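These notes are about the structure you will find just below.
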Amino acid sequence: MPFDQPLILGFDTSAAHCAAVLLSGDRIIAGLAEDMSKGQAERLVPLLQEVLAKAGPSWNDLNALGVGIGPGNFTGIRISVATARGLAMGLDIAAVGVSGFEALAFGTTRPFAALIDAPRAQVYRQDYLEDECLAPRLQLRLDADAETAHAGLATPAPLPPLVLAERIARIAATRWQTESAPPAPLYMRPADAATARDAPPVILAS
C-alpha cells in the first residue's frame with residue numbers, strides 16, 4: 001500500500017501501559033493502547049506490529065520513530081528507549097525522544113505547569129512560562145498543587161495513553177529530519193531497587 005506522506009510511529013511505556021500511534025503526515029491511521037503494569041518488554045514489539053498491520057505499511061515503510069523518554073517508570077522507559085534505538089539502527093531511520101512534559105505542552109497555551117504523577121505522593125514538574133521553560137524537578141504533590149494555585153498556573157490534565165502516543169508521534173514528525181542524537185531516558189529520581197547489602201561471593205582459585 002503506497003503512502004505519500006511520512007510515516008511516523010510513536011510509542012510509550014513510561015507508565016502502566018503500552019501505547020502506539022501511527023501517523024501518515026498529520027493523519028492518525030492506526031493506534032492501540034493497553035493497560036498493563038508488567039509484561040511491557042514482551043508486549044511492546046508485537047503491539048507495534050499490530051498497529052502497522054492495521055494500516056498496511058511494513059517496518060521498512062517507516063520514516064521515523066517517536067518514543068516517550070519519561071519521566072515515569074524506570075523499567076518501562078528503558079524498554080521503550082532500548083526498543084526505539086534498536087529499531088532505528090536496524091531500519092536505518094531516525095528515533096526521536098519526546099518527554100512527557102513536551103507531550104503535555106504540545107498545543108497548550110502558556111503559562112502552565114506540566115505535572116506527571118510520581119511515586120510517594122510526588123509529581124514530576126516542569127513550568128512553561130510566557131518566555132522561558134524552567135528546569136524539571138521532583139516535588140511533593142501537595143506542594144505543587146499549592147504553588148501552582150498561588151501562582152495562578154494552569155495544570156493540564158494527564159494524557160490518556162493513546163493521546164500521549166499521538167503527541168509523541170506528532171512531535172517526532174516535526175523533528176525527525178534534523179534529530180541526530182539517539183533517544184535517552186529522562187530519569188529524575190533514584191531507582192527504587194535497593195542496593196545489595198551482602199558481600200559479593202569470593203572466587204577461589206583452583
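What you see is a predicted model, and the numbers here were worked out from it, not measured in a lab. Side chains included, hydrogens not; waters and symmetry mates left out as well; all remaining heavy atoms used.
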- State, to 0.1 Å, how close Val96 and Ala172 come at their nearest heavy-atom pair, and which atoms those are. CB-CB, 3.9 Å
- Between Leu32 and Leu162, what is the shortest heavy-atom contact and its length? N-CD1, 3.5 Å
- Message: Distance check, rounded to the nearest 0.5 Å: Ile168 atom CD1 versus Phe11 atom CZ?
- Response: 9.0 Å
- Task: Please confirm whether the backbone N or O of Ile77 pairs with a side-chain atom of Ser80, one donor and one acceptor, at under 3.5 Å?
- Result: no
- Message: Quick test of your reading: applying salt bridge (charged side-chain N to carboxylate O under 4.0 Å, His left out), list the pairs with at least one residue in residues 82-102, sequence neighbours left out, ordered by first then second residue.
- Response: Glu102-Arg175
- Message: My understanding is that a hydrophobic cluster links ILVMFWY residues whose side chain heavy atoms are under 4.5 Å apart, including indirect links. Using that, what else belongs to the cluster containing Leu129?
- Response: Leu134, Leu153
- Task: Kindly determine whether Tyr124 and Arg137 satisfy side chain to side chain contact (heavy atoms under 4.5 Å, CB included), including the steps that lead there.
- Result: CA-CA 6 Å; Tyr124 305 110; Arg137 54 189 166 129; over 6 Å; no
- Item | Heavy-atom closest pair, residues Ala84 and Pro183 | CB-CG, 4.4 Å
- Item | Closest non-hydrogen atom pair between Leu104 and Ala157, with its separation | CD2-O, 3.5 Å
- Item | With sequence neighbours excluded, residues passing side-chain hydrogen bond (donor to acceptor under 3.5 Å, both in side chains) with Asp117 | Arg141
- Query: If we only count heavy atoms from C-beta on, is the Arg43 to Glu34 side-chain gap below 4.5 Å?
  - Reply: yes
- Query: How long is the gap from CD1 on Ile29 to CD on Gln5, to the nearest 0.5 Å?
  - Reply: 10.5 Å
- Item | Spacing of CG belonging to Leu62 relative to CG belonging to Leu22, to within rounding of 0.5 Å | 6.5 Å
- Task: Only pairs at least two apart or in different chains count here, so list each side chain to side chain donor-acceptor pair (under 3.5 Å) that has a residue in residues 104-115.
- Result: none
- Query: Distance from Gln40 atom CD to Glu42 atom CD, nearest 0.5 Å?
  - Reply: 9.5 Å
- Query: Tell me the salt bridge (charged side-chain N to carboxylate O under 4.0 Å, His left out) pairs involving residues 176-185, sequence neighbours left out?
  - Reply: none
- Task: Name all residues meeting the side chain to side chain contact (heavy atoms under 4.5 Å, CB included) criterion together with Ile28; count only those two or more places apart in sequence or in a different chain, and write none if there are none.
- Result: Val21, Leu23, Glu166, Arg170
- Backbone N/O of Leu140 and side chain of Asp143: donor-acceptor pair under 3.5 Å: no
- Query: Are side-chain heavy atoms of Phe101 and Pro136 found at a separation under 4.5 Å?
  - Reply: yes
- Task: Starting from Leu115, walk the hydrophobic network (Ile, Leu, Val, Met, Phe, Trp, Tyr; side-chain heavy atoms closer than 4.5 Å) and list everyone else you reach, by chain and number.
- Result: Val123
- State, to 0.1 Å, how close Ala19 and Leu47 come at their nearest heavy-atom pair, and which atoms those are. C-CD2, 4.3 Å
- Task: Ignoring hydrogens and angles, state whether a donor on the side chain of Thr148 or Thr155 is under 3.5 Å from an acceptor on the partner side chain.
- Result: no
- Message: Side chains of Val163 and Pro160, heavy atoms from C-beta outward: is any pair under 4.5 Å?
- Response: yes
- Can you tell me how far SG of Cys18 sits from CG of Asp35, rounded to the nearest 0.5 angstrom? 10.5 Å
- Item | Test salt bridge (Lys or Arg N to Asp or Glu O under 4.0 Å) applied to Arg125 - qualifying residues, sequence neighbours left out | Asp127, Glu147
- Item | Thr13 (side chain) donor-acceptor with Gly76 (main chain) under 3.5 angstrom | yes
- Query: Gln177: what forms a side chain to side chain contact (heavy atoms under 4.5 Å, CB included) with it, not counting sequence neighbours?
  - Reply: none
- Query: Taking only residues two or more places apart in sequence or in another chain, which ones pass ring-ring contact (aromatic ring centres under 6.0 Å, His included) with Phe112?
  - Reply: Tyr128
- Note on the structure: Only one of Leu65, Leu9, Ile8 passes side chain to side chain contact (heavy atoms under 4.5 Å, CB included) with Ile93, and that residue is Leu65
- Query: With the 4.5 Å side-chain cut-off for hydrophobic clustering, are Tyr187 and Val67 part of the same group?
  - Reply: yes
- Message: Assess the residue pair Asn60 and Leu91 against the criterion (side chain to side chain contact (heavy atoms under 4.5 Å, CB included)); give the C-alpha distance rounded to whole Å, side-chain angles, the decisive distance to 0.1 Å, and a yes or no.
- Response: CA-CA 7 Å; Asn60 290 326; Leu91 299 170; 3.6 Å; yes
- Item | Pairs touching residues 15-28 that satisfy side chain to side chain donor-acceptor pair (under 3.5 Å), sequence neighbours left out | Asp12-His17
- Message: Apply the hydrophobic cluster definition, ILVMFWY joined by side-chain contacts under 4.5 Å directly or through others, and give me every member besides Met36.
- Response: none
- Query: Do Phe74 and Pro185 have side chains that get closer than 4.5 Å, going by heavy atoms?
  - Reply: no
- Task: Taking all heavy atoms of Ala20 and all of Val51, pick out the closest pair and write down the distance.
- Result: CB-CG2, 4.0 Å
- Note on the structure: Separation between CG (Leu7) and CG (Asn63), nearest 0.5 Å, reads 5.5 Å
